[in-house]
There are 2 protein chains.
Amino acid sequence: MVKITDVARRAGVSPSTVSYVLSGKRTISAETRQRVEESIRELGYRPHAGARALASSRSNVLALVMPLRPGVHVPVQMQFAAAVATKARAHDHDVLLVTQEEGEEGLRRVANSALVDGLIVMDVQMQDARIPLLRALGLPSVLIGFPARADELTCIDLDFTATGERCVDHLAELGHRCVALLGSPPEVYARGTGFAQRTAAGFTSAARRRGMASTVVPVEPGRDAARRTVERLLREQPALSALVVHNEPALGALVEAFQRAGMAVPEELSVVAVCPDEVAENAAVPVSSVSIPAVEVGEGAVELLMAKLADRDVPDATLLPPRLTLRASTAPHRAPAKPRYAPAHARDGSECLTAP
Amino acid sequence: MVKITDVARRAGVSPSTVSYVLSGKRTISAETRQRVEESIRELGYRPHAGARALASSRSNVLALVMPLRPGVHVPVQMQFAAAVATKARAHDHDVLLVTQEEGEEGLRRVANSALVDGLIVMDVQMQDARIPLLRALGLPSVLIGFPARADELTCIDLDFTATGERCVDHLAELGHRCVALLGSPPEVYARGTGFAQRTAAGFTSAARRRGMASTVVPVEPGRDAARRTVERLLREQPALSALVVHNEPALGALVEAFQRAGMAVPEELSVVAVCPDEVAENAAVPVSSVSIPAVEVGEGAVELLMAKLADRDVPDATLLPPRLTLRASTAPHRAPAKPRYAPAHARDGSECLTAP
DNA sequence: GTGCGCTGTCGAAACGATTCGACACCGCGG
DNA sequence: CCGCGGTGTCGAATCGTTTCGACAGCGCAC
């Protein structure tokens with residue numbers, strides 16, 4: 001293995017000079033720098049990572065804590081990981097893969113052994129056991145998602161509140177007056193998963209602001225449950241003309257259910273989803289959607305972490321603006337030509353309930 | 001940060017003794033060991049990874065070189081990564097994520113800087129520019145997939161030859177006499193991707209051995225191309241009663257195409273696929289399939305690498321046996337009740353061509 | 001001519017572990 | 001009683017960098 005003293009000897013300088021050429025932490029004359037750089041190239045020298053970490057107390061590695069069991073949409077996770085790895089390399093850092101399953105012990109391990117300089121933690125829950133640990137660890141970290149108490153922690157995610165609002169705004173501009181949000185399964189709300197609640201809040205407040213009738217409907221997992229929910233909803237709210245769907249596993253089932261219930265999309269029912277582009281594109285009708293900006297989140301997380309490592313100040317919360325991609329599932333509102341489930345004389349909008 | 005001298009002082013021993021307790025490389029009396037272990041626990045000591053790497057010239061990290069751009073089926077990649085990470089941890093190692101995009105330079109970097117002790121390289125091509133480099137690098141490595149010249153390299157993958165045979169055997173046992181393999185796009189064969197060729201070879205030789213008529217048909221990418229290929233195939237080979245599909249992106253399109261061409265699956269046409277379970281389960285008809293054993297490949301790769309790191313001998317090639325999962329797409333052969341495309345008097349099997 | 005500040009380079013001391021040879025101690029056999 | 005082999009522990013060297021203080025040389029102002 002070629003080491004720094006070899007380079008130094010060949011260039012006729014001392015090892016420290018080589019080090020300074022590499023790090024740029026002291027001024028080096030142009031001639032010397034050139035000679036050193038040439039020696040480095042000719043010998044193919046690379047600093048020994050361990051020695052460097054020992055001496056500088058910087059490993060130039062950051063940990064990516066990732067849920068590796070299926071759960072979140074996998075291609076999105078992958079995009080995210082790719083973005084993190086690529087951006088980290090652009091900052092001359094490497095990425096250590098840590099599985100969610102290692103839990104708190106895993107964090108402690110990589111942090112206390114000085115294996116990594118910082119942490120990027122994905123899939124943060126509202127009540128996350130790792131939060132207090134992250135505070136105590138003393139290593140810079142960036143969280144993907146927002147826990148209940150985020151003070152002193154740096155978090156980044158899609159702005160779900162704005163996302164809910166954006167969906168409603170789009171539908172409102174198309175003339176819809178009565179909308180519903182088909183959301184996550186009830187236990188997701190109960191578990192306190194932040195993004196579900198925030199989407200619902202944005203949805204509801206935007207609808208109220210625009211004087212629209214709105215309901216939030218949790219959807220149980222499973223095709224059958226999705227179908228039953230849709231049928232009940234269309235029966236109970238005949239004036240409903242547009243839906244926001246924030247439940248990616250059920251999206252496909254839901255779109256099929258609308259059609260089976262005799263509702264043409266988008267002619268009779270407009271649908272806008274919050275889901276990965278991939279899912280939106282492959283539904284029976286390509287769905288207008290706000291997607292999870294995995295790449296931007298990943299890159300943003302790395303940038304934030306790098307800033308913290310450089311002792312620069314960073315905002316506690318970074319909310320990425322939603323971007324709505326229009327596809328084939330939304331159209332201007334028009335009064336239904338034929339009665340749906342309810343008798344024709346009731347078609348004045350009063351059957352469209354407002355959320356409690 | 002608590003270091004080994006702290007632990008040593010507290011336990012009343014020398015640092016080297018602590019080190020030997022940790023590594024087990026020398027015998028330590030029971031009492032001493034206990035005292036040391038207690039100190040370690042009380043102080044929450046973890047060896048500094050960099051210092052350890054420097055002194056022992058082992059980083060206890062292995063590199064996972066992964067294609068992070070979509071291409072291979074993503075959930076399978078994920079399973080694989082999860083298996084590697086988990087198994088590595090079981091051997092007290094960590095995993096560094098290296099993107100395929102970094103190419104040869106990336107390999108050189110992590111190897112020459114002693115960042116990692118070994119490499120696991122995914123998605124190995126038949127002619128892979130990294131192969132000579134891997135030979136030269138002098139670091140233990142394990143490849144997922146087989147390059148053209150694999151001597152001196154350790155490789156692991158599903159046994160695609162046996163897979164092709166297994167599919168044919170299954171169909172033969174059901175009484176089918178005339179089969180075709182719908183394979184990858186032509187350029188995949190041209191590019192010399194090993195697994196495609198090997199599946200075809202196994203398929204062909206098993207068919208020959210059993211005296212069955214067989215054809216190998218490359219399928220161009222895209223829904224339309226898939227449909228046209230199916231229609232042509234069914235027209236030209238009316239006696240065809242079973243298919244092997246080794247083309248995962250096209251599988252869904254193909255199954256739909258069969259049905260649109262008036263072929264009930266499995267009543268009139270049996271189908272067995274080589275693809276991830278997830279894809280097979282979600283096709284219009286759940287497809288009997290041989291799946292990619294991602295977890296076993298990942299775990300196997302780590303075990304092989306660990307063995308090499310411990311200077312144990314390992315086989316050059318590890319071929320994982322295919323496992324066929326029966327679903328709803330295969331059924332016993334029976335003579336078609338109605339003519340298909342060809343006139344009835346020609347229904348003697350002679351229209352079923354044999355591969356060149 | 002002396003002193004001062006600036007630039008560029010060097011030498012040596014960390015950094016925190018591992019590992020090898022040395023050696024003290026013990027029980028045992030001669 | 002002495003020496004011997006085996007066990008358990010220690011001390012010191014080593015791994016390859018980084019970084020801090022020192023300092024040589026230089027130009028410039030006083």
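Because the structure is predicted, anything quoted here is derived from the model rather than measured. Convention: sequence-line order gives letters A, B, ...; per-chain numbering from 1.
Taking only side-chain nitrogens and oxygens, A/Lys25 comes nearer than 4.0 Å to OP1 or OP2 of D/dT19. Within the 4.0 Å cut-off from OP1 or OP2 of D/dT17, at least one side-chain nitrogen or oxygen of A/Tyr45 is found. Put simply, A/Ser56 has no side-chain N or O that comes within less than 4.0 Å of OP1 or OP2 on D/dT18.
On the nucleic acid side, DNA chain C contacts chain B at distances under 4.0 Å to non-hydrogen atoms, with the end points of that region at C/dG16 to C/dA22.
Within 3.5 Å, no donor on the side chain of A/Arg26 pairs with an acceptor on the base of D/dT19, nor the reverse.
Residue-level contact check: B/Arg58 touches neither bases nor backbone, having no heavy atom under 4.0 Å from any strand. In this structure, B/Ser29 reaches the sugar-phosphate backbone alone: every heavy-atom distance under 4.0 Å involves primed, P, OP1 or OP2 atoms, never a base. Using a 4.0 Å heavy-atom cutoff across all strands shown, A/Ser16 reaches at least one base atom of the nucleic acid. A/Arg33 comes within 4.0 angstrom of no nucleic acid atom, judged by non-hydrogen atoms across all strands.
Salt-bridge check for A/Glu152 with A/Arg135: failed, with every basic side-chain N at 4.0 Å or more from each acidic carboxylate O. Between A/Arg89 and B/Glu101 no salt bridge is recorded (no basic side-chain N to carboxylate O distance below 4.0 Å). A salt bridge does not link B/Asp117 with B/Lys308: every distance from a Lys NZ or Arg NE/NH1/NH2 to an Asp or Glu carboxylate oxygen is 4.0 Å or more.
Going from atom CZ of A/Arg130 over to atom OG of A/Ser141 covers 10.5 Å, rounded to the nearest 0.5 Å. Atoms CD1 and CD, on B/Ile144 and B/Gln77 in that order, are 11.5 Å from each other to the nearest 0.5 Å.
Between the CG atom of A/Leu22 and the C1' atom of D/dT17 there is a distance of 10 Å, rounded to whole Å. Taking atom CD1 of A/Ile4 as the reference point, atom P of D/dT19 lies 11 Å away to the nearest angstrom. Put simply, CD1 on A/Ile40 is 10 Å from P on D/dT17, counting in whole angstrom units. As a whole-Å value, the separation of B/Leu54 CG from D/dT17 P is 9 Å. What separates NE2 of B/His48 from P of D/dC15 is a distance of 19 Å, to the nearest Å.
If A/Thr17 and B/Thr27 are placed on DNA chain D by their nearest nucleotide, the residue sitting closer to the 5' end is B/Thr27. Along DNA chain D, the nucleotide closest to B/Val13 and the one closest to A/Ala51 are compared, and the more 5′ of them pairs with B/Val13.
Remark: A/Glu42 pairs with A/Arg10 by the side-chain hydrogen bond (donor to acceptor under 3.5 Å, both in side chains) rule, at least two apart or across chains.
Scanning all heavy atoms of the two residues, the minimum distance from B/Ser19 to B/Ile4 falls at N-CD1, 3.8 Å.
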